[in-house]
Every structure is written in C-alpha cells, then in structure tokens.
Amino acid sequence: MAPLTPTLPSSLSPHICIISSPDLADLLSSFSLPSLHQILQSFSPLPQVTTRTTSLTPVPLTSFALRFSDLAEIEEGCREDEEQRAGRTIDWISARIASRCAKWMEDWERIETAALDNDKPNNLRTPWWNEVRQCVEGDHIPSKFEGWNHPVAILLAVSTMLPNPLQTLAQLHARPLDFPSWVDSTHLRYSLIIHPESSPLSDEEANALFNAVKKQYGLHSYLLPLALSSPPPPPVPVPLPPLRLPPIPQSTLHTPDPSTATKSDSVSVSSARPEANTLHMSEQDIQQTAKFVREFVSMSLIPWMERCVADWNENFTSTRRLPSRLFSSTRRLFGSGTTSPAPMQTSASSISPVSPGIRPGSQSLIASISAGGRPPPSQQRRLAEFATILGDLKLATNVWEALRKDGKGGSEMLPLLLSPSPASTLCVTQALSAITSSGAEASAWAQLCALTYAIRWEVSIDFLTSPLEGDRWLVWAASSGEEPPSALLLAQAAHLSSRRQTHRRAALWYLFAANRLEKSGIKPLTLYFLRKARELYKTSPEKSLSPSFWDAEGIDMQSLTRFDGVLPGLDYALGRLYYTTGEVQRAVQFFLSLLEGPSGPTPLSDDAPEMFKDLAMDKVFLEDFRVAFQHLKDISGTNFRATDLTLPVALFNPRFTRVRLPGDAVGGDPSAWRSREDSWTSFGEPEAQRYFTARGRQLPMVKAFWVDLVVHNPFNSEVNLSDLTVVVTGLLAGSDWAPDLVDVEVLDGISLDPKETRTIPLSILAKQPMTLQITHVSYVFLSLLPAIESLVSRGRRLQDTLYQRQNKVYAADIVVKVEVEDAAQRLSAEFFDDDRLVLYHGECRQMRIWLSNIGTQAIGDIWLVGGEEDEFRVEEPGDPRLAEAPTLGSESFNSDNTLLPRTPYRIALSTVGSWSLPPGANFEFPFVLHANKLGEQELCLLLIFREGDGQAFHCVRIARFFEVRPLLTATLTAGPGKRLENIFTATLDVWNISPSTSVVLSQVVTLSPTWSCISLTSFEHFQLLIGVNTREETSDFNDTFQFVMGKLAQILEGRSVEESQPPPINILCNYINKTPTYSIKARSTMSLLHQGRRNIITRELAARHPYIAPALHPYIFPLYHPRSLDVVLFWDIPSDGRSGHILIPGAILGAEHGTLNSFIQEAEEAKLIRSMYAETQRERSSILEAIRGSEWNAESNPISLVTVGPEIISHNFSEVSCHVPVTLMLRNFSMTHPSKYTLKLAPKATPEGPSGPKDLAPPSWIGRLTFRGVLEPMQHVTLRPTLHVTSPDTYALDCWQLEVEVGQRTDQGWRTIYRYLEKASQGHRPCVTVVAMAPP
Amino acid sequence: MSHHLFLLSPSDTPLYSLTHFSTKPSQTVPSPLSANLPSWSTSAFAGTLTALSGASSVVQASTQGGGVRMGGGQDRHVIQMIANASLDVIEEVVRRDNGMYLKSVDKFNEWTVSAFVTPGNMKFVLLHEGKNEEGIRAFFTEVWELYVKVRTMLNPFHTAHNAIVSSVFDGRVRASARKYL
C-alpha cells in the first residue's frame, strides 16, 4: 500500500523552461529584477494544490514544487556529454565542500557543543550533507535515462514594452527547440504577456493583445500586469534559488579540462552565492505573479498533465491486458524487438496545442551530441513520472513496478512509494546494480546517479523511524567511489547509524568516510570524521549483563579492554592529519597517546601472525612523536611548555625500587642479615629494639647510598632517557628542607633496548642527618619530553577485619625511606686475614676481627650478633682452650639444659685498656669458629655499637666465606652389656674419609647425665668398645621428665605453652683414653659443644615436630635427655696444625615405660572440638603421633637376657655324661619400675624355635627349667641352669622364653603396667661348644 | 585469502584473535555490489612524518606501512573496526535467532562476517572473503568445543575477562582453521 503523502524531493517536480523576448529581459534588469525564471522560481513550491487521479479522485497536495529554468540554458546543457557533465558535477560538489568545510566545521562544532550543554540530541542535518543534497537536487539538465528534468512546459514570455508584442510572441513560437532527439518533446506551450505599467500599451490594448494571443495560441496564455515601480521597492526575502552546476565555459566546450573548470566554478560560486535571496518587488506585483503561477499550475499545467496521464494510462492498460501481454511475450520469445507504447509523437500532436517544427530529430542540429538516434524516455516512464508528480501514487506504483519488471528502471522510485518492506531493499540493490552493471564501471555518471538516488531516498524516507536500514543503502550507493560525495554518503550513513544507536557501525563508516575524504585533501572534515569515529568507538553500548558478571571477578565495569589496534590506528591518523594541517600541539598529544604501550595480552608464540603482535608500530609511533615534538619545540621557541603533555606509560616499577647502603656490599644473603637483625631486636636489652624495629635503614651521612630503580621499556623499539634522577624530600629535625642538602646523581644517555628490563643505580649523598623520602623519578623521554613518575607503591591488601575482607582496603602507601644519621659514630670492622679459608669438618679455627673507631666520638658498647646456627666463641682473657684435663678421667659440669639461642655477645673493651673505644683507636678480638656444616658457607656477623647507655645504636656488617671439607665420620652404637660389670656396651666406629690427610684421634670424651663410661678396649682398627654404667651420684631426673611431660601435656590439651625453661642438669664427662689433653670444662669447648648439640637437637625437633612452632621448642624440650649418651671425638692434624672435635649424639640408653601414654590417651578420648577444617584435624593427629613416637614417650621391655658363658668346655665323654652349667644374666634396665620375670627353658628345640645355623645342636636342659623372680630397677640376677650334653657338639642356648611384667608396688600390692613375652633374638645365637677330650 | 577470527566475551572484550591465511581457492561472494569493489588503500596514511616534514636527521623508519598489513590490504585497526561494527548486527540477530551459528550476518565491502554465539554469550566472529558456510560452521563448532574443553571453561583460573593465552588452545584452533577454512 502506498503511503498517503510521500514527501517527494523537489527535483521530482515539473520542469518548466522559459524563453523570454529580449525586451523582457531588458525590462526586468532595468527594474533590478532577476530573469523571469528566477522570479517565478521564488514562488515554488505552491501550497495547497489539488490534483486528480485517473479515477478522478481529488488528491490534495500540501505543496507542489515547480522548477523554472531558462530554455537556452537547458538547450546548452543538453549538448554536453552526460559523462563529462557528471564528472564536472562531482568536481563542482567536491570543490564547494572543500571551500566551505572549514566554516561548517566551526559552526557545527558550536552547534554540537550547545546541544551537548543543553543535553539535547543534535537533530540538525549536517551542513555538508545539505550542500551535497542541494547540489544534486539542483540539477535540471535533462538526462538520457530518466525524464524528470525533461521540460514539461515551455513558457514563452514577452512584454508589452515593444510596439508589436504579438509578432515577438509569434517569433518565439516559431523558434525551434534546440533539443537533442532524446529529449521528450511532449510539453505544454504557454504564452505569457507581461504588461508593466510603464508600457506604451494601455490596459485595453494589452487586453486586446491578450485576446488576440488567446485566439491564436489557445487558452494557455496569460496577461500578467506588473506595476514595476521605480525606484525599486525594498527587497523581499525569497527562498534561495536552487544550486546549479555552472555552465561549461565556451573555451573548454570541446576540450574539457575539469580541473580548471572546477577551480573557476568554485571560486565564482563561492563568491557569488548570497547568504539570503531577495526580490525587489512590490506587494502588488508579488500577488499578481503568485496569482499567475497558481493559475498556470492549476488551470493549465496540472490539467494538461492529468490529461496526458489519462491518455497514456489508456495505452498502458491496453498493453497490460492479458492478450496483449501474451502477444508481447510471444513476440519477445520469437526474438522481435521490445514492445513499446504507441509513438508519443501522435499523442503529443494530439495533445499539444502547437505541433509544427518541434518534431524530435528534426531539431537535432548539433552534430557534436553523440546521442543522436536515442529515443526519448518511454511513454510509460513519463506516465509514471507524471503520476508520481500528480500524487496518483497507486497508478505510479503500478507503472513503476511494470517498468521494473521489464528491466527499464523504476526500481529506484519504488522505495519512495512503497511502504517499508524487504522489497524496498531489493529495489535498492536492483537500482544500484543496474547502474554499475550498465557497463560504466565506477564512471562519474554512475557515481552521480547513485548519489542522486541515495539523496532521493534520504530526503523522502525518514530512516530514523523506518525499519529500513537506510544507512546501508547510502553505503551501497557510495560503493567504491573515491570522490568526496561518496565519502559524504558514507558520513551520512554513519550519521544515521549513530542516531539509530548503532554506534559501532557508525564508527566504522565514519572511518571509511575519513579514509576516502583524506584522499581529496579535505582535511577539516576528515579530521571531524576521524574524531567522530574515535568518539563513537569509545562509547560502549549498554549491555544487559548481570552485575555479578563484573562483581564475581572484582572488575570495574568501566575498565573494559577493547580491540587493541583500533584506538592507536585512529589516533595515529588523527595525529598525522593534525601535523599536516599545522596543529602540531594536538598532533603531539595524539602521538603521545599512542605511546600507552601494549595493554593487550602477550603474544602466544613468536612465529604466529598474531593480532596482538604489533612489532613495527612502536617504532613508527616513537619516530613520529619525536619528529612532531621536535617540530613543536622549534616553532614554539621560548614559549614552549610541555606541562600539559604527560607520558601515558610508566617505565619505572616502584615496587622493585630498592635502597642499597654501602654496608650491604659485604655480601651475605639478605635473609641471613634479616635473621640477625631479628635476633638483635628480640634481644632483651631495653633500648636494643629501637634500632631495627622501625626498619629504617640508617647510614652515616658521609657515605653515599644507591637507589636501584627498575626500568622496563614497554616498546618494541629502542628508547633513550636523559637527565634521569630521583626526586627526594627530607625531614630534618629543627630546620627546613632544602634541595641542596642532598646530592642526587643525574644520569644521561640511558638507552634501553626493545622490551628490556634494567636496574639503574643512582647515588645519593645527604649532607645532614635527616629522613629522606624518595618519592619520584624524573627523566626526559627521548631527550625531548620531561616526565616524572611516582615511586610510591600501593600497600598490601588488608584482610584483618570483616570490612577489609569484603572490600578492597589497602595499607598505607609504601615510600622508600632512608634515615641518614650523623657520622660521629662509625666503626670499621674487618677480618684479620683475607685468605681463602678451608676448614675440615669439626675444625676449631681461631680467627681475629679488627675493629677501628673511624668516627669522631667514642664507642662504649659493642655487641656481636651471629646466626643461630653459627658455632663460634669469642675468646676472653683467661679463657685457655687447652685447659688441663682432670687426672681422674672424669669430671662433671652443670648445663642450663636450654635450647634457647645464644644472645648477642657483648665484646669486652677492657682489652684496650679503657671502658670505651676512643676515636681513632682500634683493637682486635679473637674468636674460635667451629666448622659444623659441610660445604661453602658464609659467616655473617653483625656488630651493633653505641656510645653509651641511652645513646643511639649503629650497625656494621662483616662477612667471611669459608669452605668446610669432610674429614671423619663416626657412629656410636649401644646394646646391653655382655659382661656382668657393664650395663651397656657402646661401640664407636670412626672412618677417615678425607682423601689424603692423616688424622690423629687425640681424645674421646663421653657426655651423659646418667651414664658413666669406661674404655673396654684400646682404640684399635678405628673401633672402640665402651662400657656404660650408671654414674655413682645419679639422680632420677624427675624434675626434667616432669617439665617435659607438663609441657607436652599443655600441647596435647591445646593450651598455650608457658615460657619457662627446663631445670639445669649435671653432665658427667668421661675421658675414655688414658691421657686426656683437652678439658671439656674449658669455656670455649663447653660453649662450642653446647652450640653444637643445640644445633643437632633443634634440627631433629624441627623435623620431628613440624606442627609445633620452632620458637616454642626451647620452652618444651631440654637440651639433654637425661638418659642420653654423647661422644665427643677430638682430632688433630699435627702436620697442618689443625685440631677440632666432632660431637656424635648417641642413643638414649635405658628402658622407659611410655610416661606420656596416659596424657595421649586422655587427649584422644577427650571430646574433640570439631574443627570445620580437615587440615586442623590432621594437624592435631600429627602432633599426637609425633609426641607418641618421641623419645620422651619411649616404651620397651626392660629386662633382657644375656648368656654370660661358658663358651667352650672340654669333657671326657668316655666317663660320664657332661653337665654344663650355663650362666644366664637377667637385667632390669628400667631405672624406675620393678619387673617380674618368668624364664622358661625349653627342654628341646621347638620346631618354631629360632631358625639359624642348622649345625647347632638343640640343648637339653636338666634340673630346674623355670625361673621366677622380681628385679628391682637396674638390678640383675644370674641364673645357672644345667645343660645335659651327651656328645661333643655346639649347642644353641637360645631355646628359652621370657615373660616380663612391668609393674609397680602400691598399697594394694603389685600392679602390672606392661607385659612382655620375649624369645631369643634371631640374630646372634649364643651357644656352648663341648669338645670331647681324649681320655687320659 | 585471509580469515580473521575474534573471540569476544559477553562484555565484548576480545579474548583471542587469530589471522589465518588460507591456501584453499576462494569462492567469491556473488554479490554485484561487492564484487567490483577494490580493496581499501590506506596510502594516505602511509609513510612516516619524517617523510612529510622533510626532516633529514631522523632515520627513516624501515616499516613504511604505518601499520602491519593484514589480509586484503587492510590495516589492523580497520579489520578490528569491522569486527567491532559487526557486533551491532550480531546483537540484533541474536535477539531473533535462537541458533548458535548465525551464518553470514553482515558484509563490509569484501569482508563477510560470520558469527557464532555460544550459550554463555561468547561471540565468535570470523571475517572472511569467500563463501564457505559449512566449513565455517564446522570450524566454529570445533572452536567452541576447544574453548569449552581445552583451556578455558574447564580451567578454574579462566574468567570471562582474561585473554586466552593458552598455546594448546592456539595450536588447536590453528589446526582447525587449516582443516576447515
């Protein structure tokens, strides 16, 4: 269904050509009036015109446009080649746009800003599109392919100024129309007589003349009386005349040169076009003229056109009837030419009131027009056009549709008349493909034609409300045209798209438009389009996504990552255009924004042609930025300020910025230094904590320190930085900060390779004590752009409170701080020798540290802080290492039995003869280093010093590398004593594992709180047997056991452990060899042994009880287990003068009875506090298991049986059978509990008896086979069963079974705690050999 | 003939992109409008400013393109703009089409845009020059499967905001492109 009132573009209106007599032209110009067609054009469009359809239905038209033009002009225009004219038109439009766009841009930007300020959408048409539209709409030269511009009426105008107007009119009527053959000759002839007041003819004469004219030329005549007063009346504003392509200059008619023509045209047009059009006509004349125009239209033109339509419609319907269509189809099938309606000449002659002399073809006088012979537009087409003009849309649609089906055009008009549907889009593509497929590939005519169609669609259809995608139509129409009109078509498409809220598509089309327009050099508009593309690209459309989509990942909705190449691409184009248009400042800003660096993901692989990989661009961007910035500097001269230009990318990483103090260079692992600082901080000295708790790094101000800046080049190109320095601020006590108080190094010419990361040290020297804050780094990027970056990094994320966990809360920013102190207190510390230090395992090496006070004040106190595992001892006066060993072979000492680490050692200054170290004084102090671990190691010592009580602490570091090589390896094994006099027997095995060194084992010492040891053999074959007994003055160590039990019970119950230390313990030292040389009680040795055992126990505990905090170990476990036995092996290498000792931790001897079992059981049976974390449960059970398996909860059979003898017996079997008494010893190894025993001797070896060498004969016991008794703690009993031997053999003595009941005596009697059943072990089988003795 | 694949998150963040140069003979789109269109020339944007300004002291950049050339003579940013512009149509098509494979949703000059939208609202956008509907359907389906299986959906550390940097995913998508495109 056709729309009711389609808005047709003004170019689709009747075209009336005017030919006026020369006197009329003179008359009008004498009254300052334009030519007649211009005057009449001012009255177009006519309001409220009613037409009638073929079915005589009135069609009220609100406006009816008319186009008046000079006949001569049209005739001239028709002669020009159509392609040439199209080319000229495009050039003319381009030139107009180019000359005006700068002004438009100014106005338009103002309008847009105003719209933005008022928050209203800017719905105005863009001026450049208006211009294109008017230029195209203004075309009035008839075309070969459509009839819109073909004249509908010829208006012959004369004035009554001449003596014989009738004759003049006759001459005009007789004038042949100089149209080519293809111009439709069907038109209305209309005579107009203008009768001015100044005419020599009176009104009556004029009326007589009019009557004569009517009589001669028919009713299509009019007498227009005009006052034409002189002087001319004030001007009346009238609509602007349509824009017309300037005629081709005569000189270039045959040799067209579009460029020059365009140039002159553009200049003339741009200068000639007035801003507002006016007409010097009086009101009366205006009314008269308006009356004429209305009468001409309503009385002549429209009736004439209606009649044409009626007649042509008859022809049309007759051809469309079924037989006719069949006939025509048959004709087409059989190859005959296309059917055409009846020749219009006949109908024209019948319609046109005048016919002589205007036959088409006969007037084709100009040979240069090559289109001779081409027929005028078909009658059907004219019918469609007339019907469209007259508003008979039903008919028009039918005829256009018929034309389209016949392939004779019409598809471009249907979208205007049809209601929006997919068919419209189909018509559009058909119309556009008809242009391009007509053989004129991308010709100027095709471009212009497509442009014309696009403008008709754009004017007639409201694409914003229509469901049709009109923006796409414009893009199709723009096709591949490279000219500005095509670019503006794209721009209009983009404009429509953006108003239809499809911003992303609009951005693309703006970019395409800019790309095309750029080639024509119209830079202001190109820039605007690029800016629009950028702006629209950056507007992200609203997404209907859940807020959780962002919240779930904690991502800000605004921080969207977009396509990484788009903005740089647009910015680069903008920058270059601004640069070429001279706006260097803006160009530099755009180039600068390109240096943001890659924000996208890292490339996947090197060989991939990946989108994210953009290797070449950085170099180009940097190069262009450099050139543009240099140029900006050059042209700005002294006024240049780069304050508003900031580098968008940060090169320095503040998180990795570090301060390096001169003392840091001594070596050592930072964590080692930190642990020493921590141990100093935890040192009980009241003021000691002040030094490291603030974590401020202090250094004397006479020394420079370094700031290590980590710089990363994000670009794929080399960049250089100059004037690199840091910005520091200082806090001074009592005075103001001034920059000259600090000397900061400035570095020049730093060149960074592509993607390089480098650490750059900058030295800083403070001249006064102060707290320095290093806040910023400043540099000059590419030696051009000054840049400054903050070195403050964000604090850690806080998770302490609920609020902090639910929100993002960060700790205070981290600023790099350095405390510079007065240089009055300085200490220099060095090791005495710098040689490479190679030690053997266990070696004690005496070393010396040389201290010198290089400050200006005395030093009163010096502490030495070492690592927890370092074994060293500062030698004090009267502290001989080689103390004389006691002659009795044993001595004892008291140990505090604590695992607490060594406290910082205060160095006694008494050696220098005074209580303090004065400035310039120096001294050295010796210490003994014990090499306890193998491999490369570093001894890191911290020396803390101060002037005196209440003074500030200072620190100096000292470190020394040394290597420890293996020398000896030794093992200690212990078992029940084989003899009556020894409870246990321990075996010490020693191997020398050094390749070439011979070692003298000088002394073996055992250490034990409980056990006393003696040597059973001499040191032979590197094996030493040691007999172990209880010491005489032994105690039960109940306090130590109670201490550990109490602490472990606290752990099991989940209580916090009290910080109390174990009770002291007395240690017995037994010197195994006869001539002892070193005394254990020498303070140095004792201290080193203490440290050594502490290290061993600490490591064992850490491995065994991983879930108990190491810091708690000293408050739970003692250093010595009361039942432990250690061996210290002293060695000497006399050739090298080396000596040392190895501590061999031995086994824990004696039987225990699971003293902690009751606690463990309680803990297991206690109602478990269920934890929601399985890890907690596992941790608890691990703690329990670790305690259950620890040496403090050992549980074993206390009684063991030892076969004492005899081993070989000789007997004369010829006399009597042999009875061998065998001595068996049962010993209760428990030191606390008595035990009952039952020993059963098997008379014969049972089959399930111990397997062993099968050659041993089974014993045969006689007499008492079961022995019962009670053994008190550490008591032993000797049993003597008898073996009956009948023949010489070797008899096994392991056929027994021992039942043991560990118990305790209570008031109620005996209470058994544990029961054990023991059989002979399978290893060593005791036996007795009976040898037959020959009878005497 | 080149293909450009983009994987876009529901918030239209590009998570992965791939340029594939196919050796298979192209089947040109029989569209009279786009058949005769020349490829875009960006010569106006070529060359460095050094050349424009005539400065001689600065070494001429060796890459005279002002951009990495992609398939069809397009600049990288133009290709990305086309993919971005097609999202308008994709969103429109998704509203009325329930299928995942949306076939050819748009045409921009010589580029045809095919799209695939997963149930999780991930958009797979493919810019291609020829017509290969079934091949593209198979390719998209395989990419979807890879997206779900290989590294992304089954990877607990992947979110819809992170770019896909898995080399396994990349390798398999390339293999799939070689197979179908």
Side-chain angles (χ1 to χ4, degrees), chain A residues 429 432-433 436-437 441-442 476 479-480 502-505 507-508 511-512 515 518-519 533 537 540-541 543 545 549 552-553 555 560-566 568-570 572-573 576 579-580 600-602 604-605 608-617 619-620 623-624 626-628 630-631, chain B residues 4 6 10-15 17-19 21 32-33 36-38 40-45 48-50 52-53 55 58-59 61-63 65-68 70 75-89 91-92 108-109 121 159-167 170 174:
Chain A
T429 49
L432 291 173
S433 56
T436 46
S437 62
E441 187 188 318
W476 293 337
S479 173
S480 61
T502 48
H503 294 306
R504 293 177 281 205
R505 202 189 305 161
L508 176 70
L511 174 70
F512 283 175
N515 278 358
E518 215 267 347
K519 290 168 200 162
Y537 174 75
S540 41
K543 290 265 164 196
L545 291 171
F549 181 74
E553 302 297 332
I555 289 174
L560 267 183
T561 317
R562 311 293 295 273
F563 286 96
D564 62 331
V566 173
L570 294 174
Y572 186 61
R576 298 175 61 78
Y579 186 76
T580 48
T602 48
L604 298 175
S605 54
E610 197 48 51
M611 296 287 265
F612 294 131
K613 225 162 44 174
D614 200 0
L615 295 175
M617 288 315 285
K619 192 163 188 175
V620 178
E623 199 60 52
D624 285 355
R626 192 200 304 270
V627 172
Q630 188 65 54
H631 182 58
Chain B
H4 301 281
F6 296 92
S11 59
D12 295 345
T13 304
L15 300 187
S17 71
L18 172 80
T19 304
F21 295 93
L33 267 180
N36 295 324
L37 298 184
W40 290 97
S41 158
T42 50
S43 60
F45 295 90
T48 61
L49 275 192
T50 318
L52 288 174
S53 63
V58 185
V59 182
S62 59
T63 49
V68 179
M70 308 308 290
D75 268 0
R76 197 166 78 106
H77 71 280
V78 177
I79 290 285
Q80 293 187 352
M81 280 287 265
I82 291 174
N84 185 56
S86 70
L87 293 176
D88 275 333
V89 185
E91 281 172 10
E92 203 177 302
F108 294 93
N109 301 328
N121 207 5
T159 72
H161 306 279
N162 302 126
I164 301 170
V165 289
S166 159
S167 54
D170 183 55
R174 279 170 201 277

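Side chains included, hydrogens not; waters and symmetry mates left out as well; all remaining heavy atoms used. In what follows, every chain begins at residue 1, and chains take the letters A, B, ... in the order their sequences are listed. None of the values given here were measured: they were computed from a predicted structure.
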Point-to-point distance, once rounded to the nearest 0.5 Å, from [atom1] of [X] to [atom2] of [Y]:
X: B:Gln80; Y: A:Leu508; atom1: CD; atom2: CG; result: 12.0 Å
X: B:Asn121; Y: A:Phe549; atom1: CG; atom2: CZ; result: 8.5 Å
X: A:Phe563; Y: B:Ile82; atom1: CZ; atom2: CD1; result: 11.0 Å

Closest non-hydrogen atom pair, B:His77 against A:Leu511
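Closest approach of B:His77 to A:Leu511, heavy atoms only: CD2-CD2, 4.2 Å.
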Which atom of A:Leu570 lies closest to which atom of B:Met81, heavy atoms considered:
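Heavy atoms only, the tightest pair is CD1-CE, 4.5 Å.
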Using the side-chain contact (heavy atoms from CB on, under 4.5 Å) criterion, which residues pair with A:His503? Sequence neighbours excluded.
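By the side-chain contact (heavy atoms from CB on, under 4.5 Å) rule, A:His503 matches A:Ser498, A:Gln501, A:Leu536.
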Run the side-chain contact (heavy atoms from CB on, under 4.5 Å) test against B:Asp88 and tell me which residues pass, sequence neighbours left out.
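Checked B:Asp88 against side-chain contact (heavy atoms from CB on, under 4.5 Å); matches are A:Thr502, A:Arg504, A:Arg505.
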Counting heavy-atom pairs closer than 4.5 Å to chain A, which one of B:Asp12, B:Val89, B:Asn84 comes out on top?
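It is B:Asn84.
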